[in-house]
Amino acid sequence: MSLSIENVTKKFNQTLALDHINVSIKDSEFIAILGPSGCGKTTLLRTIGGFIQPTSGTIRMDGVVCSDAKTMIPVEQRNLGMVFQSFALWPHMTVRQHVEFPMKSKRQRHISAQEKEKMVDYALKCTGLTALENRLPGELSGGQRQRVALARAIVGKPSVLLMDEPLSALDAELKISMRKEIQDIHKMTGATIVYVTHDQSEAMAMADRIIIMKDGKIEQIGTPKEIYCHPATRFVSTFVSKCNLIKGRWNGDYFQVLNEPIRYHDGEIAPVFHQEGLYPVRPEEIRLVTQGEGIPGVITNKQYNGREIHYSVQYGEDNFTVYTSANEEYEPGQNIKMVIERREAV
Ligand code: ATP
């Protein structure tokens, strides 16, 4: 199912939680909404779901108006599945009974008992729960419980799956393996997924496109690679790409570093950086050298990370972050020079 969010605004008293949001989501697309706490992610998701009525603007599903300031198609008529951060399971019900539960609603009346059984079997299979179907929640791990929440959300074959930080309660390792399972579920069901997270690596790993929000507004919409390699705003450059912002002056596609006889050519930097006299450079795009030309700096911190080393480098009043390979060893206090490597073209 396609979704169209047109000029949607939501005001809670004095708070403008959504400020003229426009985005078109294609059928079967996986969209992540990413941004810091309070930027409006959940409000946008809940407005799409029909739990919140927009103050102005329109939401269409497959071209049909389902929410505007006057219209509100009830949630149960929207063919949605939902997975939230906290997954309440009933202690006395088995895995299978949990997944069967949504199929008892009036909306599923027209489906035969045999067909319902098949749908439950399929949801259990998609989430890898077939072998655990007779277990009670107390006999499941955190990841398995979250998979029950996923199975419950997909059993009715929803056209749209809304997920609000579904992995945030899980530990780091489980998060990574559940990402793959959510991707598999996306492939198997073909549902359009709208996925809220404040974890950029989660959004980058799974989504076809990412919506970056700040203060109720969209800062950028793009594929993970577009967002990472070509941040359109200062906020996106630091929030997602973790860019260092080097000060200087742009002259066409040439950047002159402030107070240094160093110039770089780069034709792919967004206009806002030209206007502000900044060159956004990601930590892995800086090479450290001890001799030759480069922006001079002093190593102030070193963190060994297995495959790479993360350095903090002081240059004037700025502190830059630089990632090098694990065999490039420098020590705190050491004077080095920073050389910007050519960035990868999309
Ligand atoms: P988080 O990552 O912390 O969950 P979020 O990006 O999902 O944050 P929202 O929950 O959408 O942010 O909130 C956006 C803004 O709207 C915040 O300033 C919040 O305080 C405000 N807000 C959300 N719901 C309500 C409400 N029911 N009444 C009043 N203000 C609200």
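Every number for a ligand or one of its atoms is a count from 1 in the order of the listing.
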Applying salt bridge (Lys or Arg N to Asp or Glu O under 4.0 Å), name anything that partners R46, two or more places apart in sequence or on another chain.
-> none

Among all residues two or more places apart in sequence or in another chain, which pass the salt bridge (Lys or Arg N to Asp or Glu O under 4.0 Å) test with E284?
-> R282

Among Y304, F320, Y330, whose ring-ring contact (aromatic ring centres under 6.0 Å, His included) with Y311 holds?
-> Y330

Which side-chain hydrogen bond (donor to acceptor under 3.5 Å, both in side chains) pairs, counting each pair once, include a residue from residues 244-255, with sequence neighbours left out?
-> K247-D318

Mutual orientation of the aromatic rings belonging to H310 and Y323 [parallel < 30°, tilted 30-60°, perpendicular > 60°] = parallel

Write 'none' if nothing qualifies; otherwise put on separate lines each N/O atom of ligand 1 with a protein N/O atom under 3.5 Å away and their distance to 0.1 Å.
unit_1, atom_1, unit_2, atom_2, d
ligand 1, 2 (O), K41, NZ, 2.8
ligand 1, 3 (O), S37, OG, 2.6
ligand 1, 6 (O), G38, N, 3.4
ligand 1, 6 (O), C39, N, 3.1
ligand 1, 6 (O), G40, N, 3.0
ligand 1, 6 (O), K41, N, 3.1
ligand 1, 6 (O), K41, NZ, 3.0
ligand 1, 7 (O), T42, N, 2.9
ligand 1, 7 (O), T42, OG1, 2.8
ligand 1, 8 (O), G38, N, 2.8
ligand 1, 11 (O), T43, N, 2.9
ligand 1, 11 (O), T43, OG1, 2.5
ligand 1, 12 (O), G40, N, 3.3

Are E202 and K175 within salt-bridge range, i.e. N to O under 4.0 Å?
-> no

